[in-house]
2 protein chains.
Amino acid sequence: MRDRADYMLKGLSEEELLELADLFKMFSDSTRIKILYDLFDGEKNVTEICEDIDMNQSAVSHQLKVLKTAKLVRSRREGKSIVYALDDDHVKTIIAMGKEHIEE
Amino acid sequence: MRDRADYMLKGLSEEELLELADLFKMFSDSTRIKILYDLFDGEKNVTEICEDIDMNQSAVSHQLKVLKTAKLVRSRREGKSIVYALDDDHVKTIIAMGKEHIEE
DNA sequence: TTTTCATATGAATATATTATCATATGTTCA
DNA sequence: TGAACATATGATAATATATTCATATGAAAA
């Protein structure tokens, strides 16, 4: 076994690689990626998201919480509903990268 | 529920989103991302990879198979050993995107 | 202030994923 | 040919993850 320094040589520590894996995990579930992609249009409330991606409210709420914990979306109350939006400029870039990949 | 066309409006079909999720899944596991990152250096055989990332041979072989099925790595025999290499130009780009993200 | 609407949450279940162990396969070299 | 080496693979067990169901919470409107 080599040590931690090996990772550093190329610029990423082991810890950072784990962080990266966690980031990509956010995009690796079909419900979550649909939610993120749905929010490309701009802010939407939970009901709208559910309709757009055809998933039930509870499942969507659970995943929104996961995405929020990962700081990829933010939310605010607006009257009776809660509106969500992308909270990270990289989301679109990362999905775009993946898009380029699968389109070849 | 809306239909498939909604996804198309923004350029990705539901099917493509599922493909994307599968792609990101490859980067979402710590063992796999370590393997991919290890291969940034160039070709390596299985034993070297195991040493570099400190995982046992069987686990590494299993994940190499997953990565190969996803066409992210390729392999060839070289004497007694099998050498693996990145098989996709996008791997580095995608990881680089993620890197930018976590570095902020 | 009670009812209704919108969302969140906990628990349970179902499913997927990963690592490990034992062993098989295939190659080289004595 | 057989021993040693390198890798792959199948089965199992451990763990993680997602969905569903029931219900709680909180805001608005009657």
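Per chain, numbering begins at 1; letters A, B, ... match sequence-line order. Atoms considered below: every heavy atom in the structure, side chains included; atoms not considered: hydrogens, waters and symmetry mates.
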Item to complete: Can you sort out the partners of Asp22(B) under salt bridge (charged side-chain N to carboxylate O under 4.0 Å, His left out), two or more places apart, ordered by chain and number?
Response: Lys25(B)
Fill in: Boundaries of the chain B footprint along DNA chain C (any atom under 4.0 Å from a heavy atom)
dT17(C) to dT28(C)
Fill in: Stepwise side-chain contact (heavy atoms from CB on, under 4.5 Å) test for Thr47(B) and Gln57(B)
CA-CA 7 Å; Thr47(B) 301; Gln57(B) 181 267 317; over 6 Å; no
Discussion item. If you take any heavy atom closer than 4.0 Å to DNA chain C, which residues from residues 59-68 of chain B end up in contact?
Written reply: Ala59(B), His62(B), Gln63(B)
Worksheet item: Do the side chains of Met55(B) and Leu64(B) join up, straight or via other hydrophobic residues, at under 4.5 Å, putting them in one cluster?
Response: yes
Discussion item. Tell me if the aromatic rings of Phe27(A) and Phe24(A) count as close, with their centers under 6.0 Å from one another.
Written reply: no
Item to complete: Run the salt-bridge test on Lys34(A) and Glu14(B) with the 4.0 Å N-O cut-off and return the result as yes or no.
Response: yes
Discussion item. Check this one for me: any side-chain N or O of Arg77(A) less than 4.0 Å away from OP1 or OP2 of dA28(D)?
Written reply: no
Worksheet item: Rounded to whole angstrom units, what separation is found between the CD1 atom of Ile53(A) and the C1' atom of dT19(D)?
Response: 12 Å
Discussion item. Can you measure Arg76(B) atom CZ to dT7(D) atom C1' for me and round it to whole angstrom units?
Written reply: 15 Å
Worksheet item: Roughly how far, to the nearest 0.5 Å, is the CD1 atom of Ile53(B) from the CD atom of Glu48(B)?
Response: 12.5 Å
Worksheet entry | All ring-ring contact (aromatic ring centres under 6.0 Å, His included) counterparts of Tyr84(B), not counting sequence neighbours | none
Worksheet item: Considering only heavy atoms from C-beta outward, does the side chain of Leu39(A) approach that of Val91(A) to under 4.5 Å?
Response: no
Discussion item. Does Thr47(A) reach a base, just sugar-phosphate, or nothing at all? Heavy atoms under 4.0 Å.
Written reply: sugar-phosphate
Practice prompt. For dC5(D), take OP1 and OP2 only and decide whether either is under 4.0 Å from a side-chain N or O of Ser81(B).
Written response: no
Fill in: Qualifying residues under side-chain contact (heavy atoms from CB on, under 4.5 Å), relative to Arg77(B), sequence neighbours excluded
Ile82(B)
Practice prompt. Starting from the 5' end of DNA chain D, give me the residue, Ile82(B) or Thr31(A), whose nearest nucleotide shows up first.
Written response: Ile82(B)
Item to complete: Please tell me if the side chains of Ile102(B) and Glu16(A) come closer than 4.5 Å, counting only heavy atoms from C-beta onward.
Response: yes
Worksheet item: Hey, any chance Met26(A) and Leu18(B) share a hydrophobic cluster, counting ILVMFWY side chains that come within less than 4.5 Å of each other, even indirectly?
Response: no
Worksheet item: In whole angstroms, how far is the C1' atom of dA18(D) from the CE atom of Met55(A)?
Response: 8 Å
Discussion item. Just to be sure I understand the geometry, which residues of residues 19-27 of chain B put a non-hydrogen atom under 4.0 Å away from DNA chain D?
Written reply: none
Worksheet item: Pick the nucleotide of DNA chain D nearest each of Gln57(A) and Tyr84(B); which residue has the one closer to the 5' end?
Response: Tyr84(B)
